[in-house]
Amino acid sequence: LDSILVALDKVKPDLIVNACCISSVDACEADYKKAIKVNVHGTANLHKAFGAGVLSISSDHVFNGKSSKNKENSYTEPLNSYGMTKLGQEAVSQVWDGKVIRLSRTVSIEDADISEYLLSLYKHVEINVPTFLYRNFIHRQFAVTAIEHFANNFEVMPSVVHYGGLDNYNFYNFMVLVAEEFGFDPDLVIPRRQNNPSYAPRPINGGFSVKLAMKLNFPMFRIGDTVQRMAKEANL
């Protein structure tokens, strides 16, 4: 808390975007106490130091993955420790009158799994991609524009907003589109229909409704926009 107070005294921000967290699902599962300390207590410290003006970034992992149509007020039921810590973060935000933007899967060619997939495709090696993980995939830079929009209109925004791509895709179909955009053989993308039992559980039918974000004039993007932005990121 002391280090936060020192930083705030130097910067004197009008608003804080709380993007600090342990975002690895498996890392949170491996060390739940540390995940709580960073994701929940860290958010509490920000609010203690600054007050209500904190916009925290949460996740569709607060849902159980039984529906991709969840709205901001839908029932929450995390399946993993990461989702529990994000729900705890949201509870802290609510107590302090802060606000939350829930993101679905944000992507970039720098992501560990995607960069590994792309390298394999470049080498003409097959990749096995889950068919059962659905998300509103959105390029990370597009998500940044949404966060900026929220921050610039913070006072009139509701307490929670869902943001992601307009299209809900499974990971396999998403990577087929990526392969085609990058000029790789899409037949090298092989569907994987079983989850790895060594991984922490994930919401299967993930993502959520982004209708509220549309009504609030957030910049919205289709799946093709995200794939093209990834290609631009790779200078293709």
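Hydrogens, waters and symmetry mates are skipped; everything else that's a heavy atom, side chains included, is used.
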Hey, could you give me the [atom1]/[atom2] distance between [X] and [Y], rounded to the nearest 0.5 Å?
X      : Y      : atom1 : atom2 : value
Ile190 : Ile127 : CD1   : CD1   : 8.5 Å
Leu46  : Leu55  : CG    : CG    : 11.5 Å
Arg192 : Phe171 : CZ    : CZ    : 9.5 Å
Leu188 : Asn128 : CG    : CG    : 11.0 Å
Gln141 : Thr106 : CD    : OG1   : 11.0 Å
Leu212 : Met157 : CG    : CE    : 8.5 Å

Flag the pair [X] / [Y] as yes when at least one side-chain heavy-atom distance between them is below 4.5 Å, and no otherwise.
X      : Y      : value
Tyr172 : Val176 : yes
Glu72  : Val100 : no
Ser56  : Val92  : no
Phe221 : Thr145 : yes
Trp96  : Lys48  : yes
Phe174 : Val129 : no
Tyr32  : Ser81  : yes
Thr85  : Pro78  : no

So, the side chain of [X] versus the backbone of [Y]: is there a donor-acceptor pair under 3.5 Å, distance only?
X      : Y      : value
Asn80  : Ala200 : no
Asn39  : Ile22  : yes
Lys86  : Ile57  : yes
Glu181 : Ala231 : no

Going hydrophobic residue to hydrophobic residue with side-chain gaps under 4.5 angstrom, can you get from [X] over to [Y]?
X      : Y      : result
Met230 : Leu177 : yes
Ile223 : Tyr134 : no
Val227 : Tyr122 : yes
Met84  : Val95  : yes
Leu15  : Tyr163 : yes

Which atom names give the shortest non-hydrogen contact between [X] and [Y], and what distance separates them?
X      : Y      : result
Cys28  : Ala35  : SG-CB, 3.7 Å
Leu103 : Phe208 : C-CZ, 3.6 Å
Ala213 : Val161 : CB-CG1, 4.1 Å
Phe137 : Thr226 : O-OG1, 3.9 Å
Val40  : Gln89  : CG2-N, 4.0 Å
Leu79  : Asn64  : CD1-O, 3.1 Å

Requested in this report: Sort and list the pairs that fulfil salt bridge (charged side-chain N to carboxylate O under 4.0 Å, His left out) and have at least one residue in residues 106-133, not counting sequence neighbours.
Outcome: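 Pairs touching residues 106-133 that pass the test: Arg105-Asp111, Arg105-Asp113, Asp111-Arg140.
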Report task. For residues Phe63 and His162, establish whether the separation of their ring centroids is below 6.0 Å. Result ->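 Here the rings of His162 and Phe63 have centres that are less than 6.0 Å from each other.
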Requested in this report: Check the pair Phe182, Leu121 against side-chain contact (heavy atoms from CB on, under 4.5 Å), reporting the backbone distance first and the verdict last.
Outcome: CA-CA 9 Å; Phe182 277 62; Leu121 292 173; over 6 Å; no
Report task. Evaluate the ring planes of Tyr82 and His61, with Trp represented by its six-membered ring, and classify them as parallel (under 30°), tilted (30 to 60°) or perpendicular (over 60°). Result ->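 Taking His61 first and then Tyr82, their aromatic rings stand perpendicular (interplane angle over 60°).
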Query - Positive for side-chain hydrogen bond (donor to acceptor under 3.5 Å, both in side chains) with Ser108, one of His139, Glu233, Arg229 - result: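 Checked His139, Glu233, Arg229 against Ser108; only one passes side-chain hydrogen bond (donor to acceptor under 3.5 Å, both in side chains): Glu233.
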Query - Enclosure of Asn73 CG (heavy-atom neighbours >12, cutoff 6.0 Å) - result: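 Yes, enclosed.
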Query raised in the report: Does a sphere of radius 6.0 Å around NZ in Lys12 hold more than 12 heavy atoms from other residues, nucleotides or ligands, not counting ones at 6.0 Å or beyond?
Result: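 For Lys12, atom NZ is crowded (more than 12 foreign heavy atoms under 6.0 Å).
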Requested in this report: Apply side-chain contact (heavy atoms from CB on, under 4.5 Å) to the pair Asn70 and Val62, showing each step before the final yes or no.
Outcome: CA-CA 10 Å; Asn70 285 309; Val62 300; over 6 Å; no
Report task. Identify whether the distance between the nearest side-chain nitrogen and carboxylate oxygen of Glu90 and Arg102 falls below 4.0 Å. Result ->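 Looking at Glu90 and Arg102, the cut-off is met.
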Query raised in the report: If you measure from the Lys or Arg side-chain nitrogens to the Asp or Glu carboxylate oxygens, is any gap between Asp26 and Arg202 under 4.0 Å?
Result: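 Arg202 and Asp26: salt-bridged.
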Query - Audit row: Phe184, Leu118, side-chain contact (heavy atoms from CB on, under 4.5 Å) steps and yes/no - result: CA-CA 9 Å; Phe184 298 140; Leu118 290 174; 4.1 Å; yes
Under a 3.5 Å cutoff, is there a donor and acceptor pairing between the side chains of [X] and [Y]?
X      : Y      : result
Gln94  : Ser159 : no
His149 : Asn217 : no
Thr131 : Asn170 : no

Requested in this report: Step by step, work out the side-chain contact (heavy atoms from CB on, under 4.5 Å) result for Asp31 and Lys33.
Outcome: CA-CA 6 Å; Asp31 194 341; Lys33 289 184 178 180; 4.1 Å; yes
